[in-house]
Protein chains: 2
Amino acid sequence: MYRIGELAKQYDINTDTLRYYEKEGLLVPSSIASNGYRIYSSADAKTLGVILRAKAIGFSLSDIKTLLSIEVDKANKECLDVKLVVDDKLAQVNAKIEELQTFQRSLKRLSDACCGGHESAQDCTILQALESESLTILSECHHD
Amino acid sequence: MYRIGELAKQYDINTDTLRYYEKEGLLVPSSIASNGYRIYSSADAKTLGVILRAKAIGFSLSDIKTLLSIEVDKANKECLDVKLVVDDKLAQVNAKIEELQTFQRSLKRLSDACCGGHESAQDCTILQALESESLTILSECHHD
DNA sequence: ATAAACCTTGGAGTAAACTCTAGGGTCAAG
DNA sequence: CTTGACCCTAGAGTTTACTCCAAGGTTTAT
């Protein structure tokens, strides 16, 4: 049994974070002492471990809430239910990566076209590209 | 010369966005009519074009502000100044991509290890991985 | 004269995941 | 009996880039 400060220290997080997780329904302490203090059981601590690990992998608190709801009703859930959450997240991550790679290509093309020297920025190709309506430097040429 | 609604329509954005850009110091209309209406010049419109293109590439409004401040003082700036902004952004994007690729690998390993079938989630490898303190499934084995 | 369409300001609301503050109660040690 | 460390609640603040709202002034057309 731990008080909020003990649990927070153990997992190196803020006590406010724990109160926040409670408000969000992620981790409700299993009991409240007569003085109003939150009391966390070892099972609560274990759940916190799951939350923190899932967060480290990149799940949002909302994803984690779904995962935990499956966890508590494991017996009546299928592997499929769990895998769907993971695969959905994977699709989101893949989409985000592709979006960023598009930015990356644009930036690289911009950077490569610029001498980056002590010449006046008056004729800088980067500024010209941003001023030009066609953004020729950035457009990928899919035609030959 | 355009009124706020005309300029917004021309670039297919909200008038509130223009007022927001003004508040942020990105695009201040070159004059105000006697009735208090904002009046945008063609130069203002051109600047808005730059802002919107830079945004499409992935620059934040704060990045764009830096870029614009260089732009207005081009003559006294060097290519280097411009390139530094772009390269800095490129480094941020690269870092973000790598972070996401780590998530991607973790998620893929999690997903691949799960049958995803109608079996009970009781023995689901994904849930087991999240419950396990070692996260063995997720850890990359750099040793042989 | 009046309605529609435009403009103004100031301020609130949105998502995400906390973090911090104010003001106060609880508990153990000296 | 008071000091310090801990706990409580409610609510505001953080970041980014807007979007929406209320309450009102202006312009244009009928």
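Proteins come first, then strands; the chains are lettered A, B, ... in the order of their sequence lines, and each starts at number 1. Computation of the quantities below employed the complete heavy-atom set of this structure, encompassing side-chain atoms and omitting hydrogens, waters and symmetry-equivalent molecules.
Rounded to a whole Å, the OH atom of B:Y20 is 11 Å from the P atom of D:dT15. When the C1' atom of D:dC7 is taken as reference, atom CD of A:E22 falls 13 Å away, rounded to whole Å. Rounding to whole angstrom units, CG of residue B:L18 and C1' of C:dT8 are separated by 15 Å. Spacing between atom CG of A:D63 and atom P of C:dA16 amounts to 10 Å, rounded to whole angstrom units. Rounded to whole Å, the distance from CD on B:E24 to P on D:dA17 is 9 Å. Across the protein-nucleic acid pair, A:L7 atom CG and D:dC6 atom P stand 15 Å apart, rounded to whole Å. Here the C1' atom of nucleotide D:dC18 and the OH atom of B:Y11 are 20 Å apart, to the nearest Å. The OH atom of B:Y37 sits 4 Å away from the C1' atom of C:dC7 (whole-angstrom rounding).
Considering only side-chain N and O atoms, B:R19 lies under 4.0 angstrom from the phosphate OP1 or OP2 of C:dT8. A close approach under 4.0 Å does not occur between any side-chain nitrogen or oxygen of B:R38 and OP1 or OP2 of C:dC7. Under 4.0 angstrom from either OP1 or OP2 of D:dA17 there lies no side-chain N or O belonging to B:Y21. A close approach under 4.0 Å does occur between a side-chain nitrogen or oxygen of B:T17 and OP1 or OP2 of D:dT19. Checking the phosphate oxygens (OP1, OP2) of D:dT27, a side-chain nitrogen or oxygen of B:N35 falls inside 4.0 Å. Distances shorter than 4.0 Å separate some side-chain N or O of A:K55 from OP1 or OP2 on C:dC18.
For B:N14, counting side-chain heavy atoms from C-beta on, the closest listed nucleotide (D:dC20, C:dT26, C:dA17) is D:dC20. Checked against C:dC18, C:dT8, D:dC8, the side chain of B:I4 finds its nearest nucleotide in C:dT8.
The closest donor-acceptor contact from the side chain of A:D88 to the backbone of A:V85 lies at 3.5 Å or more, if one exists at all. Between the B:K83 side chain and the A:S111 main chain, a donor and an acceptor come within less than 3.5 Å of each other.
When heavy atoms are screened at a 4.0 angstrom cut-off, B:D16 is found touching base atoms of the nucleic acid.
Note on A:L26: it clusters hydrophobically with A:Y40, by side-chain heavy-atom contacts below 4.5 Å among ILVMFWY residues.
The nearest heavy atom of DNA chain C to B:K23 and to B:G5 marks one nucleotide each, and the one closer to the 5' end goes with B:G5.
Atom NZ of A:K77 has more than 12 heavy atoms from other residues, nucleotides or ligands within 6.0 Å.
Comment: A:R109 does not engage A:D112 in a salt bridge, judged by the lack of any side-chain N to carboxylate O separation of less than 4.0 angstrom.
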